[in-house]
Engineer: 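Encoded as structure tokens, here's the structure I'll be asking about.
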Amino acid sequence: MTFAGLRAAVRRGAGRSPKDYLLGIRLGRAKELLAATELPVAAVARGVGYDDPAYFSRLFTRRVGMAPVRFREQQGRTLSGGWSDRMPDPDDPPVIEPRNAT
């Protein structure tokens, strides 16, 4: 398959460019890691494919609307963390629900 063919197929299937689709997947996974683990932001950045944590933070802030640290604080780290075998849908990222205090 040519690059143009791949790009067209991704646009048809995902409704966005391959770059935007991949970005959505990466940011969805970053949200999971920030909410569910105590990993430093730099480790989360590397874990989702960004070598430069400052660039990742700027990108995350621009796309999500808040800095990764602030996102983590808002989520409250309420889930026990771990790798998910499921590929997140960039249009429907995982929602982290707070646990009920008992």
Side-chain angles (χ1 to χ4, degrees):
M1 176 178 274
T2 66
F3 180 73
L6 174 62
R7 183 176 42 227
V10 171
R11 277 200 184 275
R12 275 192 308 273
R16 58 178 64 178
S17 71
K19 181 180 175 181
D20 284 343
Y21 182 71
L22 180 58
L23 178 61
I25 291 171
R26 285 177 163 179
L27 291 180
R29 180 66 183 138
K31 288 178 181 180
E32 286 181 341
L33 290 171
L34 289 166
T37 72
E38 297 286 336
L39 290 171
V41 172
V44 171
R46 283 189 302 275
V48 297
Y50 294 97
D51 292 329
D52 182 351
Y55 175 75
F56 166 76
S57 291
R58 287 190 308 273
L59 181 65
F60 188 97
T61 300
R62 189 168 50 245
R63 293 294 182 123
V64 176
M66 68 182 74
V69 172
R70 179 105 166 99
F71 178 84
R72 174 177 273 158
E73 289 169 357
Q74 186 181 49
Q75 296 302 312
R77 295 183 302 276
T78 58
L79 291 181
S80 56
W83 176 256
S84 171
D85 290 333
R86 182 177 62 81
M87 184 66 72
D89 179 352
D91 292 324
D92 186 23
V95 176
I96 310 300
E97 298 291 337
R99 285 188 263 182
N100 293 331
T102 54

Engineer: On a heavy-atom basis, which atom in Pro53 and which in Ala45 lie closest, and how many Å separate them?
Structural biologist: CA-CB, 4.1 Å
Engineer: What pair of heavy atoms forms the shortest contact from Arg16 to Gly24, and how long is it?
Structural biologist: NH1-CA, 4.4 Å
Engineer: Among residues at least two apart in sequence or on other chains, which ones pass side-chain contact (heavy atoms from CB on, under 4.5 Å) with Ala8?
Structural biologist: Arg12
Engineer: Indicate, with yes or no, if Val10 and Met1 share a hydrophobic cluster defined by side-chain heavy-atom contacts under 4.5 Å among Ile, Leu, Val, Met, Phe, Trp and Tyr.
Structural biologist: yes
Engineer: Under the rule for side-chain contact (heavy atoms from CB on, under 4.5 Å), what residues qualify as partners of Leu22, not counting sequence neighbours?
Structural biologist: Arg26
Engineer: Return the set of residues passing side-chain contact (heavy atoms from CB on, under 4.5 Å) with Pro40 (not counting sequence neighbours), or none when no residue passes.
Structural biologist: Ala43
Engineer: Which atoms form the tightest heavy-atom contact between Arg72 and Val44, and what is the distance?
Structural biologist: NH2-CG2, 4.3 Å
Engineer: Over all heavy atoms of both residues, which pair between Pro68 and Leu34 is shortest? Give the atoms and the distance, please.
Structural biologist: CB-CD1, 3.8 Å
Engineer: For Arg63, what residues pass the side-chain contact (heavy atoms from CB on, under 4.5 Å) criterion, not counting sequence neighbours?
Structural biologist: Asp20, Leu23, Leu27, Leu59
Engineer: Nearest 0.5 Å, what's the CZ-CE distance between Phe71 and Met66?
Structural biologist: 7.0 Å
Engineer: Less than 4.5 Å apart, side chain to side chain, heavy atoms only: is that true for Phe60 and Val41?
Structural biologist: no
Engineer: Would you list the pairs meeting salt bridge (Lys or Arg N to Asp or Glu O under 4.0 Å) in which at least one residue belongs to residues 40-62, sequence neighbours left out?
Structural biologist: none
